[in-house]
Amino acid sequence: MRRHVLSPRHLLAATALVLAAPACIEVPAPPAKDALKVVDVKASEGVVLETACVPTGIETCFDARDDNCNGVIDEGCGLHTGILQFAIAWEAVEADVDLNVYDVGGELARVGEPTSTGLVKDRDCPQSENECQGQNVENVYLSEGEPKRGRYRVVIRLDKLNGAAAPVRVRLGARVGQRPFSMVVELAPGAGTEEKSFEFTL
């Protein structure tokens, strides 16, 4: 019987192949777990709250939607974003609609003034100086750090019609960790119709 003996050069090449083989095996990474567990979600009566994102194409500005389902609302449109983000958008240019977000301590997020938990509002539309340029969007986000655990409340309120026709249709987009929420509300002057809300607990 004839025996084959590998030369040192062939032995080195064979060893290199054996050592390299495991590097070629692609092992999928475990799915990322959302550290923010959302429980006890509630919306105003009659409001349908969507919790799944359906890709609708490229990101469209000033519609308060995550159009490409990557977890960022109105990406690339000049709005701030964070692990918590809430945005509203409406087409009735004259109407004054407010996005009021209350943190776990009941503190209201204001323009340029972070709450003690880090929530801040980055714009208030429409503005007398026309800074919104007819693109009515309001946005509240967590400016830094981890969100505090507890109850959050988001209120969409019609402040003034200013000549716009009622009802005013408003979309809310929300990002809580990697979970998107969305709802459309119609607001009109009067008790029970001038505001809608969305609440959840982290």
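For R123 and E138, the salt-bridge test fails: no basic side-chain N is under 4.0 Å from an acidic carboxylate O. The pair R151-E199 meets the salt-bridge criterion, with a side-chain N (NZ, NE, NH1 or NH2) lying under 4.0 Å from an Asp/Glu carboxylate O.
Contact between A109 and V140 at its shortest, heavy atoms only, is CB-CG1, 3.8 Å. Considering every non-hydrogen atom in both K196 and E45, the closest pair reads NZ-O, 4.3 Å. Nearest heavy atom pair, residue F198 against residue A174, reads CE2-CB, 4.0 Å. The nearest pair of heavy atoms linking I73 to A87 is CG2-CB, 4.0 Å. In this structure, V137 and C125 approach most closely via the heavy-atom pair O-SG, 3.3 Å. For the pair L187 and V97, the tightest heavy-atom approach, listed with the atom from each and the gap, is CD1-CG1, 4.1 Å.
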Worked verdict on R157 versus E194 for side chain to side chain contact (heavy atoms under 4.5 Å, CB included): CA-CA 6 Å; R157 180 179 177 81; E194 65 186 6; 3.2 Å; yes
Run the side chain to side chain contact (heavy atoms under 4.5 Å, CB included) check on V168 and L161 step by step: do they pass? CA-CA 8 Å; V168 176; L161 278 174; 3.7 Å; yes
Pair N100-V154, side chain to side chain contact (heavy atoms under 4.5 Å, CB included): steps then yes or no: CA-CA 6 Å; N100 297 321; V154 180; over 6 Å; no
Working note: L49 + V41, criterion side chain to side chain contact (heavy atoms under 4.5 Å, CB included); need CA distance, chi angles, decisive distance, verdict. CA-CA 9 Å; L49 186 65; V41 178; 3.2 Å; yes
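In this structure, L119 CG and E144 CD are separated by 11.5 Å, a value rounded to the nearest 0.5 Å. Annotation: the span from Q178 atom CD to N70 atom CG amounts to 9.0 Å, rounded to 0.5 Å. Interatomic distance, CZ of F181 versus CD of E50, reported as 11.5 Å (0.5 Å rounding). Taking CG of N162 as the start and CG of D96 as the end, the distance is 6.0 Å to the nearest 0.5 Å. Within the model, atoms CG of L99 and CG of D124 stand 9.5 Å from one another, a figure rounded to the nearest 0.5 Å. The structure places CD of E186 at 12.0 Å from CD1 of I156, a figure rounded to the nearest 0.5 Å.
When each of L84, L108, T115 is checked for a side chain to side chain contact (heavy atoms under 4.5 Å, CB included) with D103, only T115 meets the rule.
Side chains of R171 and S182: a donor-acceptor N/O pair is present below 3.5 angstrom, by distance only. Defined by atom type and a distance below 3.5 Å, a donor-acceptor pair is present between the side-chain atoms of N139 and D122. Residues E107 and S116 have side chains that bring a donor and an acceptor to within less than 3.5 angstrom of each other.
Residues F86 and Y141 keep their aromatic ring centres 6.0 Å or farther apart.
At a threshold of 4.5 Å between side-chain heavy atoms, the hydrophobic network of Ile, Leu, Val, Met, Phe, Trp and Tyr places L79 and I88 in two separate groups. Note on V176 and V72: separate hydrophobic clusters, where clusters join Ile, Leu, Val, Met, Phe, Trp and Tyr whose side-chain heavy atoms are under 4.5 Å apart, directly or indirectly. No continuous path of hydrophobic side-chain contacts links V185 to F62 [ILVMFWY only; heavy atoms under 4.5 Å]. Hydrophobic clustering (ILVMFWY, side-chain heavy atoms < 4.5 Å, transitive): V93 and L158 are in distinct clusters. Clustering ILVMFWY residues whenever any of their side-chain heavy atoms sit less than 4.5 angstrom apart, transitively, puts V101 in the very cluster that holds V47.
The closest donor-acceptor contact from the side chain of R153 to the backbone of V155 lies at 3.5 Å or more, if one exists at all. Counting only distance, with no hydrogens or angles, the side chain of D66 and the backbone of C69 share a donor-acceptor pair below 3.5 Å. Under the 3.5 Å distance criterion, the side-chain polar atoms of W90 are matched with a main-chain donor or acceptor of A95. Put simply, the side chain of N68 never gets that close to the backbone of I58: no donor and acceptor are under 3.5 Å apart. S143 places a side-chain N or O within 3.5 Å of a backbone atom of G118 that can act as its donor or acceptor partner.
E59 has its side chain within reach of E75: a pair of non-hydrogen atoms, C-beta onward, lies under 4.5 Å apart. Annotation: side chain of Q85 is not in contact with side chain of L142 (no heavy-atom distance under 4.5 Å).
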